[in-house]
2 protein chains.
Amino acid sequence: MSAVKKILIADDEPDILEILQFNLQKEGYNVITAKNGDEAIEQAKKHQPDLIILDIMMPGKNGIEVCNILRQQPAFYATLIIFLSAISDEGTEVWGLETGADDYVTKPITPKVLVSKVNALFRRLTKGETAIIQIGDLKIDREKYIMNYQGNDIILARKEFELLALLASKPGKVFLRNEILNQVWGTEVIVGDRTIDVHIRKIRQKLGLDCITTVKGVGYKFEL
Amino acid sequence: MSAVKKILIADDEPDILEILQFNLQKEGYNVITAKNGDEAIEQAKKHQPDLIILDIMMPGKNGIEVCNILRQQPAFYATLIIFLSAISDEGTEVWGLETGADDYVTKPITPKVLVSKVNALFRRLTKGETAIIQIGDLKIDREKYIMNYQGNDIILARKEFELLALLASKPGKVFLRNEILNQVWGTEVIVGDRTIDVHIRKIRQKLGLDCITTVKGVGYKFEL
DNA sequence: AAATCGCTTAACAATTTGATAATACAAGGA
DNA sequence: TCCTTGTATTATCAAATTGTTAAGCGATTT
């Protein structure tokens, strides 16, 4: 999964084709178009798009047929497919989805909504790759529970990790002591005021790096 | 991933809750319900569902709020979320999708269509999952229930196998004790706290290999 | 029927973490 | 300068968490 996603749109109405193409390109996608089913198959084979948007009603092969044909080939086993249709007939929609489509969108549809759906699909696809916060040389991996500074892993205890992760989630922002207590300790638990300081100190010590600034009378902020 | 998918439905209308629950259960899903936003969050944390269906309009926290809260937690970073809404307002739909939902469904909706959508989402998710995991010299065949390290087969008991397979499914990721319990033991069974430890110990022993790291207060992770 | 296996639990040891108290330090105002 | 307020440092102790071992029990095998 690399940089620019390729999207193939197949629809027999030039207007729709154009407006969708325009909007998707504006989002940074690489758009290919086709005017009918056969052309869609041809283009799909040629470009191997990441996503195919198929109008159901098209001259020649209709969208569902195209989907079936493509899905039979290993190369398109995992390709995203969205059906586009004027029919809001329940049976067709269910059929479309069971055929192996990833979404089914009924016309009339606004470009914005379609773009959102497309984004959502790609977002889902890319998930699973870990979400790490990266600030300068400091990497914070919430999933692996690891901090890494200039290549060296830093082991922090739970509270320390959560505290630093909170501060680093918005570099520059000053977190009030109350805010910190609520986020890290929760509203139930009540702990003394010095507790935060002590943890801050331990973090500073373990990081050996002056990235947490004290704002007297207010709170703390993270800044590299 | 365990066989049966868990779905959490949150809606304040008992009728809808019931009809969706019925239809999804008929499809073989394990369904949990919640009557409002707060309950949804609670249940989500408790059961770690694979999919969450959220009504947007609910008393207390609304669906979008719930989604935001959950998405902030690493445990729900990749959980599927579908919004359910009576509003067919374009702005809301776009907003919902950009918030991190995987689909947005407008009421009135027939159970059939929803079920199809759910199936489609899971189908997509399962694509690309392999039965054989290979990490370094360690091979794990989930289907044959066989582990092999440097050419030697390793015999693990079922729970041990599933536990290690789970940890190894995402090397580096820290699995919370809850996560482990849900995935390996399921939500029904309740077992004592030391049970996990004992299995971990046996795995460590049998593998004779220091590949499972304890993250105190958090969970365990696999790393070669 | 005896032996074995897999799973869970109890009991206790070992370890780590987190909160607090006590004390020192810094900056601003009277 | 001397308070006052707010933060830093350090050591200490209690609580939380995990490791280890042995034992119990039901299911399966011999």
Atom [atom1] of [X] to atom [atom2] of [N]: distance rounded to whole Å?
{"X": "A:Ile212", "N": "D:dT7", "atom1": "CD1", "atom2": "P", "value": "14 Å"}
{"X": "A:Ile203", "N": "C:dT17", "atom1": "CD1", "atom2": "P", "value": "13 Å"}
{"X": "A:Leu181", "N": "C:dG18", "atom1": "CG", "atom2": "C1'", "value": "14 Å"}
{"X": "A:Leu163", "N": "C:dG18", "atom1": "CG", "atom2": "C1'", "value": "13 Å"}

Task: Candidate list A:Arg123, A:Lys117, A:Arg124, test salt bridge (Lys or Arg N to Asp or Glu O under 4.0 Å), partner B:Asp102, passing option - done: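 So, applying the salt bridge (Lys or Arg N to Asp or Glu O under 4.0 Å) to B:Asp102 and each of A:Arg123, A:Lys117, A:Arg124, only A:Arg124 qualifies.
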
TODO: Ignoring the backbone of A:Lys159, work out which of C:dT20, C:dC7, C:dG18 is nearest its side chain.
DONE: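 Out of C:dT20, C:dC7, C:dG18, the nucleotide with an atom closest to A:Lys159's side chain is C:dG18.
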
Open item on the list: With a 6.0 Å cut-off on the ring centroids, do A:Phe175 and A:Tyr220 count as close?
Closed with: no

Open item on the list: Could you check whether A:Tyr29 and A:Phe122 have their ring centres less than 6.0 Å apart?
Closed with: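 Yes, ring centres under 6.0 Å apart.
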
Open item on the list: Looking at A:Lys112, is its backbone amide N or carbonyl O close enough to the side chain of A:Ser116 to form a donor-acceptor pair, meaning the two atoms are under 3.5 Å apart?
Closed with: yes

Task: Under 3.5 Å: donor-acceptor pair, side chain of B:Glu98, backbone of B:Trp95 - done: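 No: the side chain of B:Glu98 does not pair with the backbone of B:Trp95.
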
Contacts under 3.5 angstrom, residues 37-49 of chain B side chains, donor-acceptor by atom type, not counting sequence neighbours:
{"from": "B:Asp38", "atom 1": "OD1", "to": "B:Lys61", "atom 2": "NZ", "distance (Å)": "2.7"}
{"from": "B:Glu39", "atom 1": "OE1", "to": "B:Lys35", "atom 2": "N", "distance (Å)": "3.4"}
{"from": "B:Gln43", "atom 1": "NE2", "to": "B:Thr33", "atom 2": "O", "distance (Å)": "3.4"}

Side-chain donor-acceptor pairs under 3.5 Å in residues 177-185 of chain A, sequence neighbours left out?
{"from": "A:Arg177", "atom 1": "NH2", "to": "A:Asp193", "atom 2": "O", "distance (Å)": "3.3"}
{"from": "A:Arg177", "atom 1": "NH2", "to": "A:Asp197", "atom 2": "OD1", "distance (Å)": "2.2"}
{"from": "A:Arg177", "atom 1": "NH2", "to": "A:Asp197", "atom 2": "OD2", "distance (Å)": "3.4"}
{"from": "A:Glu179", "atom 1": "OE1", "to": "A:Leu176", "atom 2": "N", "distance (Å)": "3.2"}
{"from": "A:Glu179", "atom 1": "OE2", "to": "A:Lys173", "atom 2": "NZ", "distance (Å)": "2.8"}
{"from": "A:Asn182", "atom 1": "ND2", "to": "A:Asn178", "atom 2": "O", "distance (Å)": "3.3"}

- [ ] Would you mind building the protein contact string for nucleotides 17-30 of chain D? One character per nucleotide, 5' to 3', B for base within reach (heavy atoms under 4.0 Å), S for sugar-phosphate only, - for untouched.
- [x] BBBBB---------

TODO: For DNA chain D, determine which residues of residues 164-176 of chain A have any heavy atom closer than 4.0 angstrom to one of its atoms, and list them numerically.
DONE: none

For [N], take OP1 and OP2 only and decide whether either is under 4.0 Å from a side-chain N or O of [X].
{"X": "A:Trp185", "N": "C:dA19", "answer": "yes"}
{"X": "B:His199", "N": "C:dG6", "answer": "no"}
{"X": "A:Thr195", "N": "C:dG18", "answer": "no"}

- [ ] Would you please classify the geometry between the A:Phe161 ring and the A:Tyr145 ring as parallel, tilted or perpendicular, with 30° and 60° separating the classes?
- [x]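 Parallel, since the angle between the ring planes stays under 30°.
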
- [ ] Can you tell me which residue pairs pass the salt bridge (Lys or Arg N to Asp or Glu O under 4.0 Å) test with a partner in residues 203-224 of chain B, sequence neighbours excluded?
- [x]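 Applying salt bridge (Lys or Arg N to Asp or Glu O under 4.0 Å) to every pair that reaches into residues 203-224 of chain B, excluding sequence neighbours, yields B:Glu160-B:Lys206.
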
Task: Evaluation steps, salt bridge (charged side-chain N to carboxylate O under 4.0 Å, His left out), between A:Asp141 and B:Lys170 - done: CA-CA 14 Å; A:Asp141 190 327; B:Lys170 265 191 173 252; over 6 Å; no

Task: Axis bend over the full length of the helix from C:dA1-D:dT30 to C:dA30-D:dT1, computed from five pairs that close each end, to 10 degrees - done: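 End-to-end axis angle: 10°.
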
Open item on the list: Assess, by modelled atom type and distance only, whether the side chains of B:Asp153 and B:Asn148 contain a donor and an acceptor separated by less than 3.5 Å.
Closed with: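 Present: a donor and an acceptor within the cut-off.
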
Open item on the list: Judged by each residue's nearest nucleotide on DNA chain C, which is more toward the 5′ side, A:Ile196 or B:Val191?
Closed with: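 The residue whose closest nucleotide sits nearer the 5' end is B:Val191.
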
